[in-house]
Amino acid sequence: MSSAPSAAPAAAFVPDTASTRQYIGAWSVLSVLQYFAAEAAVVMAWAGPRPYDLRTGYISDLGALNCGIYDGRQVCSPLNWLMNASFVVQGLGMILGAVLLTSGLLCVAARPGATVQPGRRRPWFAAAAVRVLTGAAGAGTVVVGLVPEDAGSPWHFIGAVTYFLTGAAALLVLGVLWLRKTRMAWFILACGAVSLAALATGGLTGMAVPEPGTLERLMGYPVTVGMAMAGIVIARRVHRHRKHLRASAIAP
């Protein structure tokens, strides 16, 4: 007597690595680099009694609405609106990237033709976690831009910590997920590790260090740079795949 036929194994899933959605998502994440141009412009316009020092000045001082003493520091940032707008744009870029970049694409690091094996849940969970953490980090920096440090609300601090913590966590998970898929994974991992270590140091010391500006930038800069590098990896691979498909379509 023959046994019942077994169920056919599920086919491997091949993520779409050439869609406009993925391309826009990659460039949305890559757009976070605008932050550095905005910060440089705001620093040059600083009007405090002393020149702004990146080593000792807090990033949020650049977005302070008023000139005067804040938390024992002399702050005066005429281009505070530009700094705060940059925070919001940076956050929206990360949120849009988290929404548009699919978990399947992240599982294969946007490699054309790469497959996601059925039954392997860990990559899917990791990719989903990256998207959630990136979106949370984006929301955090949007809050930072909408609620400047001298607005009299705790939400500025909450937004900043959310950005640092979830942004670093997203990079760590993404770096592990991409370890065998791109050499950039090690750089992304390093960015996440540096940011998380700096955040822990800031929490343990209460930012009572000789160069609090340097420490805060070690929390934030690696997140921005790491996200941008991930965007570059995806944008380049999606662009190459789209270009190849167009060439194949017009070939005789």
Side-chain angles (χ1 to χ4, degrees), residues 15 21-22 24-35 59 86-110 116 120-147 155-182 184-203 216-235 237-238:
R21 167 183 174 168
Q22 315 286 18
I24 295 175
W27 278 99
S28 297
V29 175
L30 185 54
S31 71
V32 299
L33 289 176
Q34 56 78 28
Y35 165 84
I59 297 173
S86 177
F87 290 140
V88 172
V89 170
Q90 182 182 24
L92 291 177
M94 295 172 67
I95 293 172
L96 189 59
V99 171
L100 294 180
L101 296 175
T102 64
S103 296
L105 179 98
L106 293 177
C107 282
V108 301
V116 181
R120 296 186 62 186
R121 296 183 178 181
R122 287 185 181 180
W124 285 103
F125 287 152
V130 170
R131 296 176 67 188
V132 171
L133 290 168
T134 299
T141 194
V142 167
V143 171
V144 168
L146 294 178
V147 186
W155 281 104
H156 180 88
F157 177 78
I158 294 171
V161 172
T162 299
Y163 172 71
F164 298 144
L165 181 60
T166 59
L171 294 178
L172 289 174
V173 176
L174 184 63
V176 172
L177 182 62
W178 283 7
L179 273 179
R180 297 184 179 181
K181 302 174 180 69
T182 172
M184 192 62 72
W186 290 106
F187 180 79
I188 292 172
L189 264 176
C191 286
V194 169
S195 178
L196 197 59
L199 180 61
T201 302
E216 188 181 27
R217 283 170 172 82
L218 285 174
M219 300 177 197
Y221 283 8
V223 174
T224 303
V225 173
M227 289 290 174
M229 291 304 103
I232 287 176
V233 170
I234 297 171
R237 290 180 171 180
V238 171

Nearest 0.5 Å, please: how far is [atom2] in [Y] from [atom1] in [X]?
| X | Y | atom1 | atom2 | answer |
| --- | --- | --- | --- | --- |
| Ser195 | Tyr221 | OG | OH | 13.0 Å |
| Glu216 | Leu218 | CD | CG | 10.5 Å |
| Ile188 | Met229 | CD1 | CE | 8.5 Å |

Donor-acceptor pair, distance only, cut-off 3.5 Å: does the side chain of [X] make one with the backbone of [Y]?
| X | Y | value |
| --- | --- | --- |
| Ser28 | Gly93 | no |
| Trp178 | Leu106 | yes |
| Arg131 | Thr102 | no |
| Gln34 | Ser86 | yes |
| Thr201 | Ala197 | yes |

Nearest atoms (heavy-atom pairs only) where [X] meets [Y]:
| X | Y | value |
| --- | --- | --- |
| Leu196 | Ala168 | N-CB, 3.9 Å |
| Gly202 | Met219 | CA-CE, 3.9 Å |
| Met94 | Val32 | CG-CG1, 3.7 Å |
| Val194 | Pro222 | CG1-CG, 3.9 Å |
| Ala127 | Cys107 | CB-SG, 3.8 Å |
| Gln22 | Leu100 | OE1-O, 3.4 Å |

Apply side chain to side chain contact (heavy atoms under 4.5 Å, CB included) to the pair Thr182 and Arg237, showing each step before the final yes or no.
CA-CA 11 Å; Thr182 172; Arg237 290 180 171 180; 3.6 Å; yes

Can a side-chain donor-acceptor contact be found between Thr224 and Tyr163 if the only test is distance below 3.5 angstrom?
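A pair is found: one side chain offers a donor N or O, the other an acceptor, under 3.5 Å apart.
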
Could you check Trp155 against Leu146 for side chain to side chain contact (heavy atoms under 4.5 Å, CB included), going step by step and ending with a plain yes or no?
CA-CA 9 Å; Trp155 281 104; Leu146 294 178; over 6 Å; no

Answer yes or no: is there a side-chain heavy-atom contact under 4.5 Å between [X] and [Y]?
| X | Y | value |
| --- | --- | --- |
| Trp27 | Val238 | no |
| Leu189 | Leu171 | no |
| Thr162 | Val143 | no |
| Val233 | Lys181 | no |

Side chain to side chain contact (heavy atoms under 4.5 Å, CB included), that's the test. Do Ile234 and Val29 meet it? Break it down for me.
CA-CA 10 Å; Ile234 297 171; Val29 175; over 6 Å; no

